[in-house]
Amino acid sequence: MRALFDSLRRAGVRYCHWKSNWRLREALRGETDLDLLVHRGDMSQFLSVVGALGCKPGSREQHPSVCHYYGFDQESGKLFDLHVYYRVITGGAIKGYHLPVENMLLGGAWQTEDGVYVPTRAAELVLFVIRKSLDYAVPSEALIPRDWTAAADELRWLRQGVDDQEVRRLLEEHLPSVEFALFRSLTHAIESGRSGVGRFRLCRALASRLRPHRRFVGGSASLARGRRAWRKAWRHAAGGTPTQALLSGGAVIGVVGADGSGKSTVVREVRRWLGDFVSVATIHGGKPPPSVATALPRLLLPLLRRAMPGWRTSRIDVQAAEGNGAGRGATRGRRRLFYALRALMLAHDRKRLLLGAHRKAMNGTLVVADRHPTRQPGVPEGPALHFLRDDPNPLYRWLARAEERTYLAIPRPDLVFCLEVPLELAEHRNLTREKRGGPEPTDYLRLRHARSSELDFAGVPTHRIRTDAMVEETLRSIKPILWKAL
């Protein structure tokens with residue numbers, strides 16, 4: 001933050017942190033977003049500064065002249081959100097007003113001991129009272145429960161040392177349609193925490209005075225509120241995932257490696273890190289959900305595993321590796337057919353899952369994949385039937401080629417983290433972690449560990465990360481790489 005503010009000062013950028021300055025310290029710690037008003041004439045210099053600091057612009061902002069820039073503090077590992085305004089767009093849920101008060105805020109801005117410019121207390125007070133009153137000027141929004149105590153506390157903080165004559169002067173100069181008497185009544189209503197019809201009528205009177213500054217006329221305001229309510233309901237149904245996206249677009253990030261290397265933990269922590277700011281989704285490329293075509297056969301798999309434990313894929317893979325290396329000695333007759341059909345179904349479901357993931361990425365979502373399929377044969381999450389491509393039986397040759405075509409149709413990830421862990425530690429984690437069905441057989445884990453060391457995503461930026469340290473150390477290695485790549 002200090003680097004940002006120092007750079008803005010040196011570049012001569014006129015800006016200020018224009019609201020909620022009584023909690024400025026929280027914003028500077030990255031706990032809330034920073035609401036910056038930037039002079040429109042200094043936009044190019046501002047963009048140069050934030051770009052040089054590695055901040056990334058967001059997209060999908062619903063209001064003009066307002067955008068998000070996200071930054072990364074490497075020392076703490078925190079992300080921060082610059083909520084940047086080039087014009088003051090505010091007022092209710094849909095921000096239905098442009099208030100011409102930019103010069104009022106920027107003209108008297110002064111630098112705090114933290115190095116950030118803020119408006120004069122009187123200017124912030126004027127805008128605070130108007131903003132909070134406009135929140136109460138629409139019937140549907142006036143009924144929303146609000147924390148009026150916090151608003152009253154902030155108002156009292158803003159009024160300290162502010163002279164009524166200064167407030168009157170600012171209103172006459174920048175918002176002459178708002179009489180000082182009405183402003184004072186609105187101030188008392190907020191400070192008292194009073195709600196009800198009387199306060200609503202006062203706020204409607206303010207809205208009437210500010211009619212020339214409305215962004216919506218007629219029924220367009222109701223349509224805008226309806227669209228916002230629909231988006232909010234959709235986001236709630238999706239688990240509260242942010243709709244904001246990076247301007248650079250989404251990406252599919254593969255997290256691969258041997259069993260016990262910490263993939264699930266890394267995926268969970270990356271989602272937690274990014275998910276408060278942008279739209280993030282996670283998938284499991286190793287265990288995709290069933291499709292319509294595979295739902296019934298996969299529903300029977302648990303029963304088949306109990307009835308025929310020797311036909312489990314893990315056992316067949318180990319037996320094949322211990323045989324002649326080509327897999328022919330381990331998969332004979334019906335067991336070979338069962339193995340081939342299971343592999344083809346898995347390839348089909350992985351393709352379906354990953355095609356959906358890449359479509360989400362095209363629309364701005366960051367998709368983090370716990371295991372990502374690869375076109376490389378003979379490795380985990382890769383084609384498993386390569387040894388049947390030259391089989392005398394035409395059915396097996398067809399199945400092998402069908403599986404190969406399916407994996408070739410899966411788009412490559414944009415970035416891969418290959419997690420590496422010593423075999424001994426992987427075995428320990430496998431035996432001690434809680435997992436449905438119990439730990440993997442040790443022989444099978446050793447086989448997959450050896451094959452995972454051969455993973456290669458040709459043409460995709462791949463970073464090998466040691467995970468034998470604490471989770472925090474692993475994330476400290478991953479975060480800068482990921483943030484730079486997005």
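Numbers for residues simply follow the sequence, beginning at 1. Side-chain atoms are counted along with the backbone in the values below, which use heavy atoms only and exclude waters and symmetry mates.
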By the side-chain hydrogen bond (donor to acceptor under 3.5 Å, both in side chains) test, which pairs, at least two apart or in different chains, include something from residues 122-136? Asn21-Glu124

Which side-chain hydrogen bond (donor to acceptor under 3.5 Å, both in side chains) pairs, counting each pair once, include a residue from residues 103-119, with sequence neighbours left out? Arg25-Glu113, Arg25-Asp114

Would you say the rings of His213 and His98 are close, in the sense that their centroids are separated by under 6.0 Å? no

Between Phe128 and Trp157, is the gap from one ring center to the other below 6.0 Å? no

Do the non-hydrogen side-chain atoms of [X] and [Y] ever get within less than 4.5 Å of each other?
| X | Y | value |
| --- | --- | --- |
| Leu99 | Leu210 | yes |
| Leu134 | Ile130 | yes |
| Val266 | Val471 | no |
| His372 | Arg412 | no |
| Val84 | Val66 | no |

Would you list the pairs meeting ring pair (Phe, Tyr, Trp, His ring centres under 6.0 Å) in which at least one residue belongs to residues 245-270, sequence neighbours left out? none

Look at Asp153 together with Arg156 and state whether they make a salt bridge at an N to O cut-off of under 4.0 Å. yes

For Arg159, look at atom CZ and say whether over 12 heavy atoms of other residues, nucleotides or ligands are found less than 6.0 Å away. no

Flag if over 12 foreign heavy atoms under 6.0 Å of CZ, Arg40: no

Name the residue from Arg448, Lys287, Arg375 that meets the salt bridge (Lys or Arg N to Asp or Glu O under 4.0 Å) definition with Glu381. Arg448

Check the angle between the aromatic planes of Tyr85 and His83 and answer parallel, tilted or perpendicular using the 30° and 60° thresholds. tilted

